[in-house]
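A short write-up of the structure that comes next.
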Amino acid sequence: MKKAIFALSLLLIVGALLAGQSGVTLKALFYSPELTDQYNDMAKAYKAATGNTLDITVLQDDYKTVLSARLNSGDIPDIFMSSAYADNAAYKDYDYDLTGQDFIKQLEPTALTGVTVDGEVTGYPFLVQSHSFIYNKKLFADAGITTLPRTIGEYEAACEKLQAKGIQPFATGFKEWWVFPQTAWQVLASIKDSYGGDYAKFVAQLDSGALKFKDIKQMSDVFDMLDLIKKYGGPKPLESDFNDQCASFAAGKVAMIHQGNWAEDSIKKSNPNIDIGYLLGPTGGSAAKAGIMFDSNQTIRIAKDGPNRAAAVAWLKWLTTSDYGKSWIPEKINQLSPIIGAKASSATLAKETVSLLAKGTPSYPWFYQRFPAGAEQGLGTILQGYSAGQTDRKQTLDQLDALYTKLASAAQ
Amino acid sequence: MISAASKKRLARALDFIALTAPAVIVILVFVELPFLMSVAYSFTKWNGLDKVPQFIGLANYRELFTDDPDMAHAFVFTIAFTVLMVVLTNVVAMLLAVVLAGGIKGRNALRAAFYVPNIISLIIIGYVWRFIFSKGFDSFLDFTHAGVFGLSWLGDGRLAFVSVLAVSVWQSIGFYLVIYIAGLQTVPRDVIEASLLDGAGSATRLWRITLPMIMPSVTVCVFYSLSNALKSFDVIFSLTSGGPGTATTSIALDIYKTAFGASRFGYGSAKSVLLFLLILTVTLFQVTAFKRREVEA
C-alpha cells in the first residue's frame with residue numbers, strides 16, 4: 001500500500017515537471033477584472049495552439065501599485081497593461097519597442113496614435129472603447145422625448161420631462177473620482193477647433209503654463225454640465241458609484257448614466273432585455289459638435305527585460321493574426337477590436353459606436369490622457385470637491401491650475 | 001582565567017543576543033531599512049518607475065511646507081480626527097469597561113460583541129459600512145421616514161467626517177476595552193474596600209481610586225489610539241476614498257495618493273518622513289506626560 005502511494009506521488013511529481021517543461025510560461029499582469037473569464041479563455045486557446053502557458057494575474061484597484069513594485073523589485077512580468085498617452089513616458093524604461101513588428105501593420109492607424117512616441121510604437125492597443133451618455137430608450141419614449149438632446153439646454157429640457165414622469169434622469173457615479181474626468185473633459189472635447197484640430201498643441205500650452213484652466217471659456221460649460229447631472233442625480237448624488245450607476249440603470253430607475261461601453265456587460269447581466277443607446281455629449285455649445293469619445297487607451301506592453309521577451313512578442317502576433325485572436329475581442333469580449341477588418345461586435349454600444357462613426361457623427365479621442373501623470377485622479381478629485389459643494393467655480397479653477405502646474409513640472 | 005561570575009554574565013549576554021537577534025534582524029530588514037530608503041528617496045524626484053531617481057535636495061520639503069494646500073488640508077483633518085478619536089475611543093472604552101467589569105448579565109457575550117469588529121479586516125469594515133450608509137440607509141428611510149437616514153452621510157464633506165469618525169471609533173473600541181478591563185482587574189480589592197469604609201461613593205471611587213490605579217492602561221491606550229489615529233488610512237480608504245473631494249483625506253491617504261495616484265514617489269516619501277516625525281514627537285510627549293501620573297498601590 002505504502003509503495004503504491006509512493007509510486008503514485010512520484011508519478012504525479014514527474015508528470016507535473018513534464019507538464020511544466022513543455023513550452024514557455026509567460027507571466028502577465030492585467031487589469032479590468034470584468035474580463036477575467038475572457039482572459040482565461042484566451043490563455044486556454046493560446047495553450048492549445050502553441051503549448052505555451054499564459055499565467056495571468058488580474059487586479060483592479062491596486063494594479064499600479066503592484067506593477068510598480070514588481071518592476072522595481074526585478075520580478076518583471078513578461079506582459080503588462082497600462083494606459084496610452086502619458087503612460088508611454090512613464091514606462092519608457094520598461095517597455096519593448098514594437099515598431100518593426102509586421103503584425104503592428106494590421107492594426108488601425110488611428111488606434112496607434114495613442115501609443116506612438118516620435119514614430120516609435122511603445123505598446124499594443126488592444127481594445128477600442130467609447131464613452132458618452134448611455135440612455136434607456138424606453139424611458140425616453142415614456143417621457144415623450146422624441147428628439148435626442150445634444151446641447152446642455154436640450155439635456156436640461158429632457159431632464160425636466162423625465163422628472164415630470166417621476167423618472168430620475170441621472171445616476172451620477174460621482175463617488176468615483178474617475179467618472180469626473182470622463183464626464184467633464186468630454187465637454188471640452190471640441191476645444192481642438194481652436195488649435196487647428198491638434199490636441200497636442202492644446203495640452204502643450206497647458207503644460208507650459210501659457211494656458212490656464214481659468215482662461216478656458218468652455219470651462220463654464222463643464223461646470224454647467226456637472227451641476228446639471230448633480231441637480232437631476234437623485235437625493236444623494238455624491239454617493240452613487242459605478243455599481244450603483246449600472247444597477248439603477250439596468251433596473252430602469254434612472255434614464256441616463258455617463259459611462260462607456262465597458263458598462264454594458266454589467267447592465268445586460270442584470271437586465272438582458274434593456275434597450276439602450278448612446279446620446280451625443282454636448283461640447284462647444286453647438287448641437288452639430290456633440291459627439292462621443294472614442295479611443296484605444298488600454299495598452300498591452302511587452303517588458304524589455306522580461307525573461308521571455310521573444311515568446312511574449314510571438315504571443316502578440318498570435319493575438320493579432322490567428323483566427324481565435326481576431327475574434328477574441330469582437331466575439332468573446334464583445335467590444336471593438338483595433339485589428340483591420342476584424343469582425344463586428346454584437347454588443348449594442350459597440351455596434352452603435354460603429355454606426356455613429358459611419359454616419360460621420362463627431363467622435364473625439366480621449367485627449368485628456370495626454371495630461372501629465374496623476375492628472376486624471378488629481379483633477380478628478382478637485383472636480384468632485386466642486387460637485388460636493390466644497391469649492392465654488394473660481395476656487396475650483398484655481399485648484400485645477402495649481403495642481404496642473406505641479407504635475408506638469410513633476411512629469412518633466 | 002575567567003571568573004565564574006563573568007562567565008555567567010557572558011552566558012547571559014549570549015542568551016540575550018541569540019534570543020533577540022531574529023526579531024532585531026527582521027525589524028532591521030523590513031522596517032528600518034525601508035524607512036532609511038524612504039528618507040533617501042525624499043530628496044529625489046522619482047515617479048516610482050524611472051531606474052535612476054533624480055536628486056533634488058530639499059525641494060520636496062520646500063514644496064511641502066510652502067506650496068501644498070492638499071497637505072495642509074490633510075494635516076488639519078488628521079489633527080481634528082486624532083483629537084476626537086483619542087477622546088472618544090478612550091472615554092467610551094473606559095466607561096464600557098467599568099460596566100462590563102461589573103457583574104452585569106451576559107457580559108461575556110457583550111465583551112465578544114464589542115471585540116468582534118476589531119478582528120475583521122478594516123477594508124471589509126469600510127465596505128460593509130459603505131453599504132449600510134448608502135443602500136441600508138435608503139431602506140431605513142423607506143421604512144421609518146426618519147430624516148436622518150435621508151442625509152448624504154458619505155457625500156457631504158462634514159457628514160462624511162462624522163461617518164468616518166463613527167466607524168473608526170466603533171471598530172477600534174474593542175481593543176481598548178480589553179486593555180481597560182484587564183487594567184480594572186488589577187485594582188487591588190483592599191484599596192477599594194478601604195475606600196468603602198471611608199465612605200467614598202462610586203463616582204469618587206472611580207475618580208480617586210480606579211482611574212489613578214489603571215493609569216498604566218491609560219498610557220498604553222492613549223498611545224495606541226494616538227498613533228493609530230495619526231496613521232489612519234484603511235477605513236477612510238474603503239469608506240470614502242478620502243472624498244468627497246479631499247474632505248476626509250488623512251495625511252496617510254494623501255501620501256498614498258501622492259505616491260501611487262500622482263506617481264510622485266520622491267515627494268510622497270518626503271511627506272511620510274514628516275508624518276513619522278509628527279507621530280514621534282506627539283507620542284513621545286504623550287508617553288512622558290502620562291508616565292508621570294502613574295501611581296503604585
Side-chain angles (χ1 to χ4, degrees), chain A residues 61-69 71-72 82 86-87 89-94 172 174-177 180 230 234-241 243-244 247 305 372-378 380-391 396 398-399 402-403 405-407 409-412, chain B residues 37 45-54 56 59-60 63 67-70 73 123 130-131 133-135 137-138 141 149-160 163 237-249 253-254 256-268:
Chain A
D61 287 348
D62 46 0
Y63 177 81
K64 253 179 86 178
T65 320
V66 172
L67 178 61
S68 323
L71 291 176
N72 276 308
S82 79
D87 270 2
Y91 294 100
K92 65 180 186 308
D93 285 355
Y94 296 94
T172 62
F174 280 180
K175 193 165 190 333
E176 316 273 9
W177 58 260
F180 282 91
K230 184 187 174 189
K236 298 179 185 175
L238 267 295
E239 285 191 40
S240 162
D241 57 12
N243 289 332
D244 170 68
D305 307 321
E376 202 174 359
Q377 179 165 7
T381 305
I382 292 172
L383 291 171
Q384 189 184 44
Y386 168 76
S387 282
Q390 284 156 4
T391 45
T396 310
D398 288 343
Q399 285 188 2
L403 183 74
T405 311
K406 277 187 177 200
L407 293 175
S409 85
Q412 271 159 21
Chain B
M37 284 169 73
K45 174 169 155 180
W46 186 45
N47 66 0
L49 289 167
D50 286 350
K51 289 187 175 167
V52 191
Q54 179 195 345
I56 52 166
N60 283 331
E63 180 179 344
D67 182 28
D68 195 339
D70 280 352
H73 186 278
I123 294 289
R130 187 166 153 175
F131 179 80
F133 278 126
S134 50
K135 297 283 178 268
F137 275 26
D138 285 350
L141 181 65
F149 296 124
L151 298 173
S152 185
W153 285 95
L154 297 177
D156 178 277
R158 283 160 203 269
L159 289 176
S163 307
F237 181 72
S238 53
L239 203 56
T240 64
S241 322
T246 53
T248 54
T249 302
L253 193 55
D254 186 53
Y256 175 81
K257 285 185 182 173
T258 307
F260 294 101
S263 297
R264 300 183 66 192
F265 281 74
Y267 189 42

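Sequence lines set the chain letters: A, B, ... in the order given, protein chains first and strands last, and positions in each chain run from 1.
Taking 4.0 Å as the cut-off between side-chain N and carboxylate O, A:D305 and B:K51 count as a salt-bridged pair. Residues B:D156 and A:K236 are not paired through a salt bridge, judged by the lack of any N-O separation under 4.0 Å between the basic side chain and the carboxylate.
For A:I382, no part sits under 4.5 Å from any heavy atom of chain B, backbone or side chain. Residue B:R158 does not touch chain A at all, counting heavy-atom pairs closer than 4.5 Å. The contact between A:S409 and chain B is made entirely by backbone atoms, counting heavy-atom distances below 4.5 Å.
Contact count against chain B (heavy-atom pairs under 4.5 Å) is highest for A:T65 among A:L71, A:L383, A:T65. Heavy-atom pairs under 4.5 Å with chain B were tallied for A:A90, A:P237, A:S68; the largest tally goes to A:A90. Among B:K257, B:Q54, B:E63, the residue making the largest number of heavy-atom pairs under 4.5 Å with chain A is B:E63. For the set B:T240, B:T246, B:D67, the count of heavy-atom pairs under 4.5 angstrom toward chain A peaks at B:D67.
One finds the CG atom of B:D70 at 7.0 Å from the CD atom of A:Q399 (value rounded to the nearest 0.5 Å). Within the model, atoms OG of B:S241 and NZ of A:K175 stand 5.0 Å from one another, a figure rounded to the nearest 0.5 Å. Residue A:K406 holds its NZ atom at 6.0 Å from CZ of B:R264, rounded to the nearest 0.5 Å. Rounded to the nearest 0.5 angstrom, B:D50 CG and A:Y91 OH are separated by 11.5 Å.
Residues B:A247 and A:Q390 come closest through the heavy atom pair CB-NE2, 3.1 Å. The two residues B:G261 and A:K64 make their nearest non-hydrogen contact at O-NZ, 3.7 Å. Closest approach of B:W46 and A:N72 over heavy atoms only: CZ2-OD1, 3.5 Å. What you find for B:K45 and A:A410 is that their closest heavy atoms are CE-O, 3.2 Å. B:A262 and A:L407 get closest at one heavy-atom pair: CB-CD2, 3.9 Å. A:L238 approaches B:P244 most closely through the heavy-atom pair CD1-CB, 4.1 Å.
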